[in-house]
Amino acid sequence: MDIKELYQEIILDHGKNPRNKNICKDFNKDAKGHNPLCGDKVHIYLKLDNEKKLANISFEGEGCAISMASASIMTEIIKGKEFNVAKKIQEDFLNMIKKGSKLSMNSLSDTENTTMMSLSGVKRFPMRVKCATLAWHTFLEAVKGSKKIVNTEN
Amino acid sequence: MDIKELYQEIILDHGKNPRNKNICKDFNKDAKGHNPLCGDKVHIYLKLDNEKKLANISFEGEGCAISMASASIMTEIIKGKEFNVAKKIQEDFLNMIKKGSKLSMNSLSDTENTTMMSLSGVKRFPMRVKCATLAWHTFLEAVKGSKKIVNTEN
Amino acid sequence: MDTKDIKSKFPIFRNKVNGKQLVYLDSANSSQKPKTVIDRISKFYSKEFSNVGRSVHSLAVTATNRFEETRDLMQKYVNAKSREEIVFTKNATEAINLVASTYGEKFIESGDEILITELEHHANYVPWHFIREKKGAIIKFAKCNERGEVDIDEIKKLVTNKTKIIAVTHISNVTGAIMPIKKIVDLASQKKIPVLVDGCQGAPHVKVDMQELGCDFYAISCHKMYGPTGVGILYAKKKWLDILPPYQGGGGMIDQVNKDNISFPGSPTKYEAGTLQTAEVVGFSESIKFIEDVGIKNIMKHEKEILEYGLEKIKKNNSVKIIGEPKNRGSIISFTIKGIHPHDIATILDEDGVAIRAGHHCCQILHDKMGLAASARASLGIYNSKEDIDILSNAIKKCNKIFNN
Amino acid sequence: MDTKDIKSKFPIFRNKVNGKQLVYLDSANSSQKPKTVIDRISKFYSKEFSNVGRSVHSLAVTATNRFEETRDLMQKYVNAKSREEIVFTKNATEAINLVASTYGEKFIESGDEILITELEHHANYVPWHFIREKKGAIIKFAKCNERGEVDIDEIKKLVTNKTKIIAVTHISNVTGAIMPIKKIVDLASQKKIPVLVDGCQGAPHVKVDMQELGCDFYAISCHKMYGPTGVGILYAKKKWLDILPPYQGGGGMIDQVNKDNISFPGSPTKYEAGTLQTAEVVGFSESIKFIEDVGIKNIMKHEKEILEYGLEKIKKNNSVKIIGEPKNRGSIISFTIKGIHPHDIATILDEDGVAIRAGHHCCQILHDKMGLAASARASLGIYNSKEDIDILSNAIKKCNKIFNN
Ligand SMILES: Cc1ncc(COP(=O)(O)O)c(C=O)c1O
Ligand SMILES: Cc1ncc(COP(=O)(O)O)c(C=O)c1O
C-alpha cells in the first residue's frame, strides 16, 4: 500500500486550493457536518432551484486534506446537476469508498470520472473513510433540510 | 488437609449445643457483629463489673458451625476473667487463627487450652477465618462500648 | 452432547483442586472460560493492541474493528434491531445502574412507583433504592409464592398509574424460576411502562430474543457467558437511548465541548465514556462464537438434562431441602441441609473438589422471606455432566456423616 | 537503560506494521503490555479463575487473595496510608465520575464553584459539567499561559469562598506540562478545599507519592501503566471515602438489605459494586511489579533523555511547531506541521510503522484556545529509544516531501 495512492496529485491540489470554498450568496439550503473524533468540520451551502437542480453549491470548513479535497471535488462535480443525478453520484461515491465498487454512472465526463476516482485510495485507509464521506453525507442532509448536525460517529 | 481437622468433635459439639447462648440478664454492655458475605450474625452481651472483670457474658446469633462454636467457646473461656486477661486471650486467639502462632498464655487450664486449640484448624481455611473471629472482634467492641456494628468486611 | 469434549475446551479443568478433579458448580456466580477466549485476549495484547477509536494508526484501526465486531455479534445474539442498541458496560450491575440513574433522573418523581420483585438480586434493587432516596419514590415488591416464582397476577395487582418502571430478573439466581417476561411486557406496554430485565441468568442459558421478549432494557454480564471479567452489556431500545441523558462523562462520548456547554453524540457513543475494556470486549467475541458453535438449543437441552438428573438425585437425600419448585426452572439448584449451615456445606464439598456457593447470593430480601440466613447453591454450566452431580451427591452425604452422625 | 532488552519484554514489538518495525509513540493514549502481564491473565483464567470474595470454595479463595494483593501493591506504589484508600474502577474516567457524582451530590450547591483548568482532558471536565447542570454550580477555568502551563498564581486568583473543589491534571496530555500539585494542595488546604488530581499521565511516568502530593483524590488508568484494559484506580483519602455516599449499587457493596432500607459497609467495599475486573486486576499486579523492577527513577531518567533528544531533533525541522514549552515537561511532544493537517501526518507516519495520535486528544477547550482543530502527538513509554525518534523524524520529513514539495 503506497501512501501516494492516497495522496494523489489531484487530492493534494484540491486540498490546497479547494474549489467553491465560500458561502455562495444564493443558497437556500445548508447543513453542517462534524467528525468529533478528528474535528473535521464542513458546512454545505446550496441552491436547489424549482426544477430540483443544484443551481449552486459551496462549502466552508476545516479538516484534513482528504476531507477538504473531498468537499471540493464534490461541489465541483455536482454543481449544476439535477438533484437526482447528484444523489446517484453520491451513492456511487460511497460505494466506491466503502466497498471498493467501480463507479457505475456513465453520464460523467472523463475528467469528472478521474477526479472522483482520485479518492478511491481512501478505501484502503479505513480510519480515513469518514473524512472522505463527511461532505457527501452533509450534502444530503442539506437537501433534506434537516437541522441536525451530521455526525460521522453515528 | 483433612476436613476433620476443621470440624473437630469439640467444635461440632459447641456448634450444636452452644454454651451461653442467651441474653444474660445482668449485661451492661453489648455489641453486634455481622459478616455480610455469609450472613453470620452475632450479638455479644456482657457485664463488666467495677473491677473490670467479665462478671458475665453471653451471645445470640446465627451462622455456621465455626462462628457459633467460636462464640460459644469464647464465652466459656473468658467468662469470669479480668478484662485484661480476656484481651490477651483474644489476641492470642487471633494470632493463632491468622498467623498460626501457638497460644502464648500460660494461665489457661488444660481444658481451656484444648478447647481453644480446637479452632486452630481454621487457619488452613482462609475463607472461614472471618467466621471464627467475628465473635472475638465483637466482644472487644462491646467492651469499648462502640455503637458501630462490627463488619468483618472492613 | 459430549461434555468430555466440552470440558477439554476449558483449561481450568486440567487442574486439581485439593488433589481432586474440579467439579465446578458455581457458574451462576461466574463461568469458566474456554481456551479460545483466553487465547484471543493474549493474541490481542501480543499482536494487535491499541486503544480503540481514537488514533489513526493501523493498530488502532484493527483494534477498533475487532472491538466493534463484538457489538455486531452481540446484536445478533440477542436479536437487537440495531447495533446502536448494544452498550458496553463494566458488568450487569453497571448496566442496571445506568438505567436507574438516567431513567430515574429524568422520569421518576416523588410518589412514583418502581415495581420490582422479592426475587431480585441486589444489583436490581440497590440502584432503585438510590432513586427512591433521591426522588422520594416508592419501591413495590411483587411477592414470590411458595414455589419460588412470581406470578403474573401478583404483578398485575401491583401496577398502578404511578408505576414508572418494572424491573425484574429473567431467571432467579436462587430459585431458578424463569419469569414470564413476555406476559409482563404485554401488561406493561398497555400502560406504556418500560420493562427492565436483569438477564444475568438468562443470556448464558436460554434463547434470548429482544424482539420476542419485547422488553425495553436487558442487562447482561459477560463473565457469566464464558467471557472475560470486566465486561457487561446493556441492551436498550433505541428510543430510550435517544432520549435518556448521558451517564458517565469523559473522552469519546462528546460531540462539541466548550466552556459553557457540551453536546453529545448518539448511542452507544454517548454511554461509553473513557477507554473501554478493549481486550476484554475483543475476547468476548470468542465466547459468543463458542456458545453459537455449541448452539443455544443444545445448551438448553443439555443443562435441562443435568438439572433434572440433579434435582432427582439430590431430593433422594432426606435431610436435603431444595429451595423453590418453579414450573420453569433455569440451571440452578439451591438447597439447605438440616442441621448444617451452608458455609459448612461449601467447605466440606470443597474438600472433594466441588465448588458451590453458600450465602444469600445477593438476595437478602428473598432469604429473609424464606427465613434463611443463607443457602447452598449448585449452578450449572455447559461443561457439567451427570458425573459432576454424582460427585456432588456423594459430597452431600459426607456432610451428613460429619455433622449428623 | 537497555531499551532493546525492555522492548523484548513486550510481545507487540515482534510484529511488523505495514511491513515496518513498530515505532509506538502513542503511550499517552494506551501503553503496550509486557509478556508477564499477558501471561498472568492467561494463567489466571486457565488455572485459578473464580469470582472474587463471594464463594467459599478454594478457587474463590485464591482469586480473592490474588485480587487483593494488587490493592496492596497499589497502596505501596502510590504510598497511600491504607489499602482501604484504593478503589478499583473501570478506568480513570469512572474514578473521576465517582468523585464528581458523590462529592458533587453531597457538597456542591447552586452558585458554588468548581475550579478546573484549560488543560483538562474531557474526563476531568464533563463529569463536573454534569454537576454544574444538576446543581447550578459554576465551573471556572484556570487559564493556560503561552508556555502551555497553568501558573499557580492563576489558580490563586480564581479561588474564592465558593470554591468547593479544585480538579486538575497532574501532567497535561497535550503540552506535557507538569502541574505544581503540591503548591495547589497547599493553597487549597488553607481554605479546606479538596483537590482531585487526574493522574493518568502521572502515575505511569513519574514518582507518585500521596503523602508528598497531599491531594485528596488521585485518578489512574491502569491501561496506561502497562496494564490490562478495563481497570482504573481511585485513590481517595479515607476521610472522604468514609463520608461520601456510595456510587453504583449492587451485590458486594451492601451491609444489611431490607425492603425499606439498605446499609453499606466501609470503603473500598462500598464503592465496588458487582463483579469486578477480576482477571484484569490480577494481571495488573504484574504491571506494577514490572515498573518497580525497572524502577520509576530509571524510567524517569530514560524518558527524559528520549524526550530531550526528541524535542531537539524535531525542532530542527523548520516547518514543525512544537506545542507548549513548559518548564517541567512529561513524556509528551505535541506538534503541528505547516500546511499539513495532523490526520494526514498520522496517516503518512503510519506507513512507516510510526504510531502517533492526531486529533484534539480529548482536550477541545485547549485546542480552541490555541486556535487549532487538532494536533499531532508523539508520547513516550518505557520501551522507546532514540532510534524511534530518528524514524519519527524521518517520517516527518516525508510528510513535508509529499505535501510541501
Ligand atoms: C490526562 C488524561 N485524563 C484522563 C484520561 C482518560 O483515561 P481513561 O480513558 O482511561 O479513563 C486520559 C487518557 O485518555 C488522559 O490522558
Ligand atoms: C440475577 C443476577 N443479577 C445480577 C447479577 C450481578 O452481575 P454482575 O456482578 O456481573 O454485575 C448477578 C450475578 O452476580 C445475578 O445472578
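Both backbone and side-chain heavy atoms feed into the values below; hydrogens, waters and symmetry mates do not. Throughout, a chain's letter reflects where its sequence line sits, starting with A, and its residues are numbered from 1. Bear in mind the structure is a predicted one, so any value in this text is a computation, not a measurement.
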Asks: How far does NE2 of C/His129 sit from CG of D/Asn258, to the nearest 0.5 angstrom?
Replies: 9.5 Å
Asks: As an exercise, state the distance from CZ of D/Phe49 to CD of C/Gln32, rounded to the nearest 0.5 Å.
Replies: 6.0 Å
Asks: Indicate yes or no: at least one non-hydrogen side-chain atom of D/Gln248 is less than 4.5 angstrom from one of C/Lys90.
Replies: yes
Asks: Counting heavy-atom pairs under 4.5 Å with chain D, which one of C/Ile254, C/Leu98, C/Thr347, C/Asp368 comes out on top?
Replies: C/Ile254
Asks: Angle class for the C/Phe264/D/Phe130 ring planes (parallel below 30°, perpendicular above 60°, tilted otherwise)?
Replies: tilted
Asks: Heavy-atom cut-off 4.5 Å, strictly under: side chain, backbone, both or neither for C/Asp260 against chain D?
Replies: backbone
Asks: What residue, out of D/Ala279, D/Gly230, D/Pro11, D/Ser46, has the most heavy-atom pairs lying under 4.5 Å from chain C?
Replies: D/Ser46
Asks: Which atom pair, heavy atoms only, marks the closest approach of D/Ile12 to C/Lys47?
Replies: CD1-C, 3.5 Å
Asks: Looking at every non-hydrogen atom in both residues, tell me the closest pair between D/Gly252 and C/Cys362 and how far apart they are.
Replies: N-SG, 4.3 Å
Asks: For D/Asp39, which atoms come within 4.5 Å of any heavy atom of chain C: side chain, backbone, both, or neither?
Replies: neither
Asks: Please walk me through it: do D/Val37 and C/Tyr45 pass side chain to side chain contact (heavy atoms under 4.5 Å, CB included)?
Replies: CA-CA 9 Å; D/Val37 172; C/Tyr45 280 132; over 6 Å; no
Asks: I'd like to know which of D/Gly353, D/Ala92, D/Pro127 tops the heavy-atom pair count under 4.5 Å against chain C.
Replies: D/Pro127
Asks: Can you tell me which portion of C/Tyr24 sits under 4.5 Å from chain D's heavy atoms? Options are side chain, backbone, both or neither.
Replies: side chain
Asks: At what distance, to the nearest 0.5 angstrom, does NE2 of C/His223 lie from CG of D/Leu276?
Replies: 9.5 Å
Asks: Does any heavy atom of chain C fall under 4.5 Å from the side chain of D/Thr62, the backbone, both, or neither of them?
Replies: neither
Asks: Heavy-atom distance under 4.5 Å to chain C: side chain of D/Val17, backbone, both or neither?
Replies: side chain
Asks: Considering only heavy atoms, which portion of C/Ile262 lies under 4.5 Å from any heavy atom of chain D: side chain, backbone, both, or neither?
Replies: both
Asks: Out of C/Lys134, C/Gln256, C/Glu133, C/Lys33, which one racks up the most heavy-atom pairs below 4.5 Å with chain D?
Replies: C/Lys33
Asks: Pick one of side chain, backbone, both or neither for C/Pro342, based on which atoms fall under 4.5 Å of a heavy atom in chain D.
Replies: neither
Asks: How long is the span from the NZ atom in D/Lys43 to the OG atom in C/Ser42, to the nearest 0.5 Å?
Replies: 13.5 Å
Asks: Look at atom NZ of C/Lys143 and say whether more than 12 heavy atoms of other residues, nucleotides or ligands are closer to it than 6.0 Å.
Replies: no
Asks: Give, as side chain, backbone, both or neither, the part of D/Arg132 having an atom under 4.5 angstrom from any heavy atom of chain C.
Replies: side chain
Asks: Side chain from CB out, backbone as N, CA, C, O: work out which of these in D/Glu105 comes under 4.5 Å of a heavy atom of chain C, or both, or neither.
Replies: side chain
Asks: Within the structure provided, determine whether C/Gln277 and D/Asn91 are in side-chain contact (heavy-atom separation under 4.5 Å).
Replies: no
Asks: Do D/Thr93 and C/Thr275 have side-chain heavy atoms sitting under 4.5 Å apart?
Replies: no
Asks: Please classify the contact of C/Glu118 with chain D as side chain, backbone, both or neither, using a heavy-atom distance under 4.5 Å.
Replies: side chain
Asks: When you compare the side chains of D/Ser58 and C/Asn18, does any donor N or O come within less than 3.5 Å of an acceptor on the partner?
Replies: yes
Asks: When heavy-atom pairs shorter than 4.5 Å are enumerated against chain C, which of D/Lys259, D/Glu48, D/Met253 gives the highest number?
Replies: D/Lys259
Asks: Using heavy-atom distances under 4.5 Å, tell me whether C/Lys35 contacts chain D through its side chain, its backbone, both, or neither.
Replies: neither
Asks: How long is the gap from OG1 on C/Thr229 to CD on D/Glu280, to the nearest 0.5 Å?
Replies: 3.5 Å
Asks: Side-chain contact, heavy-atom cut-off 4.5 Å: D/Leu59 with C/Leu22?
Replies: yes
